[in-house]
Amino acid sequence: MSNVAYQQCINPSCGATYGIEAVHVVCQACGSLLDIVYDWAKLPVIKNLNFFEHRWSTKGTGGEGRLDFSGIWRFRELLPFYRTEEDIVTIGEGRTCLQQADLLAEHLGMAPGKLLLQYEGLNPSGSFKDNGMTAAFTHAKMVGARRVACASTGNTSASLAMFASLARLQGIVFIGNGKIALGKLSQALDYGALTLQIEGDFDDCLRRIRQVAADPELGIYLMNSVNPFRLEGQKSIMYRILEARDWQSPDWVIVPGGNLGNCSAFGKAFAELKELGLVRKIPRLAVINAAGANTLSVLYNQHGLRWNEGNYDAGTIRKFYAVMDEGKVTAHTVASAIEIGRPVNLPKALRALAIMNGVVREATDEDILEHRAMVARFGFGCEPASAASVAGLRMLLAEGVIGPGETVACILTGHELKDPNVTVKYHTGIDLKSAQDLASRQEPRGALCNRPMAVADDLDAIIRAIGDDPARAGRLDSRKQS
Ligand code: F0G
């Protein structure tokens, strides 16, 4: 398969290409992001999307049925970067549902059947991240990685830790000090990842993990969404929405924006489907930032930043970050999952907004909390960041950008139980959060206990923490024997 796929710099004036088994997360020539590109002409023709439906009858029946069970790999012809099907690492991810949310629609003044909620919280680790992790772990396996790592606001770390444990790779996660919802932290610890609690926020963690991953001595494979293979998996969220609608596009897709991987993947999915003649209509995209983490919204709406066929104005972005640094401005929102000031996929998000004729809005914390509660009252519930999509929908309806008769799919990115503290606080006023200083609490006693390590925001200290962990090495050995 892999001779038909390669990696390519998204910067049109560079366009450098790399083999599918290269491990670079950015272009070595110019530092831009990379795409996975397919030579569709050399691949078997997919005549129409109905082709994928037969897989429901073969799911879980052994052999290829293993792949048909996955909500990502049942669409494997649309992400054919793997060498052989043996490479594919799958844990049964992506079996999520599109709910016709008529009660919520009524509450928002929309007609029945017009509001659809895509519950990505129904993934094994409770968030949409599993869609991307299965693809990136597949690539990690292709290239023989032994250690995988990410910086995270919580869900990426939970997903990475789960996949790493099942794929028997060492998982390492960097989380900001006190910046992670307890449900997510508990997952990373439970699945056995080495959990480094860095003094700083997500942006600090991402900067550090990119430095660590660039050191070949450490042999660490980076799992953040700057890794283009992650986005290949996340395209499948769009395939599943189409599948649930008899392959008809909705009018709108609304998604919260943090590191901007998801919206970037959606744009790529529709660009490819259109190129392949598999969809007639590309839906419009709305990306919703939290007001306290609104980099994309400010750059897009106030500075008029656009993709401009790849010639976007990088100077505007640099200036924006310089002003942020000068004023020591960092992201702050109750929606901790999207508390990100320097979204790594910003250029790809601009491209997705161009492909999908998109808009960007920002929702206040109060709006996010109210809409989160609303989703729970009228549906299956979601975590705060996910509800930014519904808060954005209400805003766009009020503005008349979205008409009441249009069909809208809101992506609910994470499960309600990820962040129970926010829910309890909303309903009772009691703040249960006590995650500020986890590393210095009482000695835990459980046989499988996996304590987070507090680490300064300092590269040497971080490398020491990753390297010198004999207790963990011992645990890995004992697991191999069992
Ligand atoms: N919703 C949830 C629940 C998330 O966890 C994230 C990102 C997003 C939305 C934003 O998605 O980054 O693709 O724009 N969480 C990352 C993490 C950053 O580390 O778990 P994006």
Open item on the list: According to side-chain hydrogen bond (donor to acceptor under 3.5 Å, both in side chains), who are the partners of Glu243, at least two apart in sequence or on a separate chain?
Closed with: Trp56, Arg74

Will you find, in the side chains of [X] and [Y], an N or O donor that is under 3.5 Å from an N or O acceptor?
X      : Y      : answer
Ser125 : Asp130 : yes
Asp313 : Thr316 : yes
Glu120 : Asn262 : no

Heavy-atom pair of closest approach, residues [X] and [Y]:
X      : Y      : value
Ala149 : Ile209 : CB-CD1, 3.6 Å
Ile338 : Ala388 : CD1-CB, 4.4 Å
Cys27  : Tyr18  : SG-OH, 3.3 Å
Met453 : Ala465 : CE-CB, 4.0 Å
Val344 : Ser225 : CG1-OG, 4.4 Å
Gly171 : Leu160 : CA-CD2, 3.8 Å

Pairwise distance [atom1]([X]) to [atom2]([Y]) - rounded to 0.5 angstrom:
X      : Y      : atom1 : atom2 : result
Leu206 : Thr153 : CG    : OG1   : 10.5 Å
Ser389 : Leu117 : OG    : CG    : 7.5 Å
Leu98  : Arg245 : CG    : CZ    : 7.5 Å
Ile220 : Gln211 : CD1   : CD    : 12.0 Å
Thr413 : Ile237 : OG1   : CD1   : 8.5 Å
Leu278 : Leu78  : CG    : CG    : 7.0 Å

For the side chain of [X] and the backbone of [Y], is there at least one donor-acceptor N/O pair under 3.5 Å apart?
X      : Y      : value
Ser186 : Leu182 : yes
Gln8   : Gly15  : yes
Gln197 : Val455 : no
His415 : Leu417 : yes
Thr195 : Val173 : no
Lys235 : Gly267 : no
Gln118 : Leu116 : no
Asp87  : Tyr82  : no
Asn123 : Gly126 : no
Ser264 : Leu260 : yes

Charged N to carboxylate O below 4.0 Å: is that the case for [X] and [Y]?
X      : Y      : answer
Asp68  : Arg55  : yes
Arg464 : Asp458 : no
Glu85  : Arg66  : no
Lys129 : Glu93  : no
Asp204 : Lys179 : no
Asp457 : Arg208 : yes

TODO: Go through Trp247 and Glu53 one step at a time and tell me if the side chain to side chain donor-acceptor pair (under 3.5 Å) criterion holds.
DONE: CA-CA 10 Å; Trp247 310 110; Glu53 284 173 11; 2.6 Å; yes

Just wondering, do [Y] and [X] contact through their side chains at under 4.5 Å, heavy atoms?
X      : Y      : value
Ile411 : Met238 : yes
Leu218 : Ile463 : yes
Trp307 : Ile355 : no
Val255 : Leu285 : yes
Tyr239 : Leu273 : yes
Pro347 : Ile10  : yes
Thr138 : Trp73  : yes
Thr330 : Glu339 : no

Open item on the list: Arg351 vs Asp35, test: salt bridge (Lys or Arg N to Asp or Glu O under 4.0 Å). Steps then yes/no.
Closed with: CA-CA 12 Å; Arg351 182 176 66 178; Asp35 256 343; 2.6 Å; yes

- [ ] Would you please test Gln187 and Lys418 for side chain to side chain donor-acceptor pair (under 3.5 Å) and show each step?
- [x] CA-CA 9 Å; Gln187 289 181 286; Lys418 289 279 189 173; 2.7 Å; yes

- [ ] Kindly indicate, with the supporting measurements, whether the criterion side chain to side chain contact (heavy atoms under 4.5 Å, CB included) is fulfilled by Gln248 and Lys281.
- [x] CA-CA 8 Å; Gln248 299 303 308; Lys281 183 175 106 172; over 6 Å; no

Open item on the list: Tell me whether Arg147 forms a cation-pi arrangement with Tyr221, defined as NZ or CZ under 6.0 Å from the six-membered ring centre and within 45 degrees of its axis.
Closed with: no

- [ ] Fit a plane to each ring of Phe81 and Phe229, take the angle between them on a 0 to 90° scale, and name the class: parallel (under 30°), tilted (30 to 60°) or perpendicular (over 60°).
- [x] perpendicular

Open item on the list: I'd like to know whether Leu299 forms a side chain to side chain contact (heavy atoms under 4.5 Å, CB included) with Leu346, so could you lay out the CA-CA distance, the side-chain angles of the two residues, the decisive distance to 0.1 Å, and finally the verdict.
Closed with: CA-CA 10 Å; Leu299 288 172; Leu346 182 63; 3.7 Å; yes

Task: Tyr38 and its side-chain hydrogen bond (donor to acceptor under 3.5 Å, both in side chains) partner, picked from Glu275, Glu272, Glu232 - done: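 For Tyr38, the side-chain hydrogen bond (donor to acceptor under 3.5 Å, both in side chains) test succeeds with only one of Glu275, Glu272, Glu232, which is Glu232.
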
Task: Member of Thr295, Asn259, Asp325 meeting the side-chain hydrogen bond (donor to acceptor under 3.5 Å, both in side chains) criterion with Arg342 - done: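 Filter result, single survivor: Asp325.
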
Task: NZ/Lys319: more than 12 non-hydrogen atoms of other groups inside 6.0 Å - done: no

